[in-house]
Amino acid sequence: MKAALIEAPGKVTVTTVPDPVPGPRDVVVEVASCGLCGTDLHILEGEFAPTLPVVPGHEFAGVVAAVGTQVTEVSVGDKVAVDPSLYCHECRFCREGRSNMCERWAAIGVTTAGGAAEYALAPVANCVKIPDHVDIADAALIEPLSCAVRGYDILSARMASRVLIYGSGTMGLMMLELAKLTGAASVDVVDINADRLATARTLGCSNSAANADELGRPAGWDIVIDATGNAAAIQDGINRVAKAGTFLQFGVSDYATTATIEPYKIYNQEITITGSMAVLHSYERAADLFANGVIDPSVFISDRIPLADYPSAIDQFKAGKGRKIVVVP
């Protein structure tokens, strides 16, 4: 089968790899669409350290093409979205229900072959059936939505919070939609990408700007979310949190990114600084939200690019052009 392959840092090709063969409790998915994500870029640039070569793609959905001998939960022809998370179920964190902190954490499309291919292999436990009315070509959006749901689990957001989001790419826009859904009094968005910021306005953000100074809230925001991973945005965001407020590090930075905090201010103003790592008990809920129309795929997906053009799709994503880019086998 054809698949994208990250062979070494900075080198990605489309090549032929062996077809996946299901084990007893595995499913082979004929991939309908696979989203590009910042994590893919970090892997390609050598900032994360999975074993290479690897077929990327942890945001994908498709149709069941084959099942293992012990699979009864899904059948050939079912539409499924795939939670990429792989856990050991044995370490302390898994036993405590914090499997996203698994000491042997792995993920389809990160540490094992993923969905940037014609077919992908997944444990049946990771496959969520999709209702008939959902277009499977859009369902790659469920995985990033599940990360956003996890972010809001961390926030335990109060009604009528004032929210500031840095970044209006896919994740920032999803956090905008969830902020509205959870009863935020206002949701402001900051981004230097004018085209993406226009999308935030289309989705109904309260205010938008290239710099938070333009938003005129000197007392700060109750909730500040970084969805960029950018060092300057993170530093600025930490400084914008109101008294008793929360800063959520949601965007993925490279390992070397740092920010400065003021310990006395955190103490004196009871500021919370926290993070949200991937998916935890949120994938099925995201699938339900998606099936019920919480996000509009026509707004979120800007480009559908053939798998054969995966290297150029990555270049477009790196250049910040468009919104969610999906590759189609």
Side-chain angles (χ1 to χ4, degrees), residues 1-18 20 29 31 33-62 82-86 105-122 140-141 143-144 146-147 167 169-172 174 193 196 226-234 249-258 277-279 300-329:
M1 69 172 183
K2 293 295 184 181
L5 189 69
I6 298 177
E7 299 180 12
K11 183 178 182 182
V12 61
T13 60
V14 178
T15 187
T16 300
V17 300
V29 177
V31 178
S33 62
C34 177
L36 297 187
C37 170
T39 298
D40 300 316
L41 199 58
H42 286 298
I43 294 170
L44 177 61
E45 294 180 347
E47 294 170 349
F48 290 171
T51 300
L52 299 178
V54 69
V55 175
H58 59 277
E59 303 176 359
F60 68 98
V82 179
D83 179 349
S85 308
L86 300 173
W105 184 90
I108 301 167
V110 179
T111 57
T112 65
E118 294 177 302
Y119 296 90
L121 187 68
L141 290 171
E143 196 280 338
S146 73
C147 294
T170 298
M171 301 314 303
M174 286 186 172
N193 186 314
R196 289 182 173 178
D226 173 69
T228 70
N230 176 272
I234 294 165
Q249 185 56 50
F250 185 68
V252 181
S253 302
D254 63 49
Y255 293 148
T257 299
T258 60
M277 162 60 183
V279 179
F300 276 79
I301 298 175
S302 61
D303 298 87
R304 300 179 191 270
I305 297 176
L307 175 63
D309 296 331
Y310 188 92
S312 62
I314 279 284
D315 288 341
Q316 178 178 331
F317 178 78
K318 185 176 182 179
K321 298 178 180 178
R323 296 177 299 281
K324 174 56 70 175
I325 299 171
V326 300
V327 294
V328 182

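The structure presented is a predicted model; accordingly, all values stated were derived computationally and were not measured. Keep in mind that the numbers below use all heavy atoms, side chains included, and drop hydrogens, waters and symmetry copies.
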Fill in: Trace of the side chain to side chain contact (heavy atoms under 4.5 Å, CB included) decision for Ile43 with Thr39
CA-CA 6 Å; Ile43 294 170; Thr39 298; 4.1 Å; yes
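Using a 3.5 Å distance cut-off with no hydrogens or angles, the side chains of Thr16 and Lys2 do pair a donor with an acceptor. Under the 3.5 Å distance criterion, with hydrogens and angles disregarded, no donor-acceptor pair is assigned to the side chains of Asp315 and Ser312.
Here the straight-line distance linking atom CG of Asp83 with atom OG of Ser146 works out to 6.0 Å at 0.5 Å rounding. Rounded to the nearest 0.5 Å, atoms CD (Glu59) and CG (Leu141) are 8.0 Å apart. Atoms OG1 and CG, from Thr228 and Asn193 in turn, are 12.0 Å apart once rounded to the nearest 0.5 Å. Of the inter-residue distances, the one linking Glu7 atom CD with Thr15 atom OG1 reads 7.0 Å to the nearest 0.5 angstrom. Atom CG of residue Leu5 and atom NZ of residue Lys11 lie 9.5 Å apart, to the nearest 0.5 angstrom. With rounding to the nearest 0.5 Å, the separation of CZ in Phe317 from NZ in Lys324 is 6.0 Å.
Nearest heavy-atom pair across Cys147 and Val279 is SG-CG2, 3.8 Å. Of all non-hydrogen atoms in Ala227 and Gly167, the two that sit nearest each other are CB-O, 4.5 Å. Closest non-hydrogen pair, Leu121 versus Pro20, comes out as CB-CB, 3.9 Å. Nearest heavy atom pair, residue His58 against residue Val110, reads ND1-CG2, 4.3 Å. In plain terms, the two heavy atoms of Ala231 and Thr257 that are nearest each other are CB-CG2, 3.7 Å. The two residues Cys34 and Gly115 make their nearest non-hydrogen contact at CB-O, 3.4 Å.
A donor-acceptor pair is defined here as one N or O able to donate and one able to accept, closer than 3.5 Å; such a pair exists between the side chain of Asn230 and the backbone of Ala232. With hydrogens and angles disregarded, no donor-acceptor distance shorter than 3.5 Å links the side chain of Gln316 to the backbone of Lys318. In this structure a side-chain-to-backbone donor-acceptor pair under 3.5 Å is present from Arg196 to Gly322.
Side chains of Val14 and Asp309 form no contact here, defined as non-hydrogen atoms less than 4.5 Å apart. Two residues are said to be in side-chain contact when any heavy atoms from C-beta on lie closer than 4.5 Å; Val54 and Thr111 fail this criterion. With a 4.5 Å cut-off on side-chain heavy atoms, Pro9 and Leu52 count as touching. Residues Pro306 and Val328 fail the side-chain proximity criterion, which asks for heavy atoms closer than 4.5 Å. Looking at heavy atoms from C-beta onward, Pro56 lies in side-chain contact with Tyr310 at the 4.5 angstrom threshold.
The only option from Val327, Val82, Val326 that meets the side chain to side chain contact (heavy atoms under 4.5 Å, CB included) definition with Phe60 turns out to be Val82.
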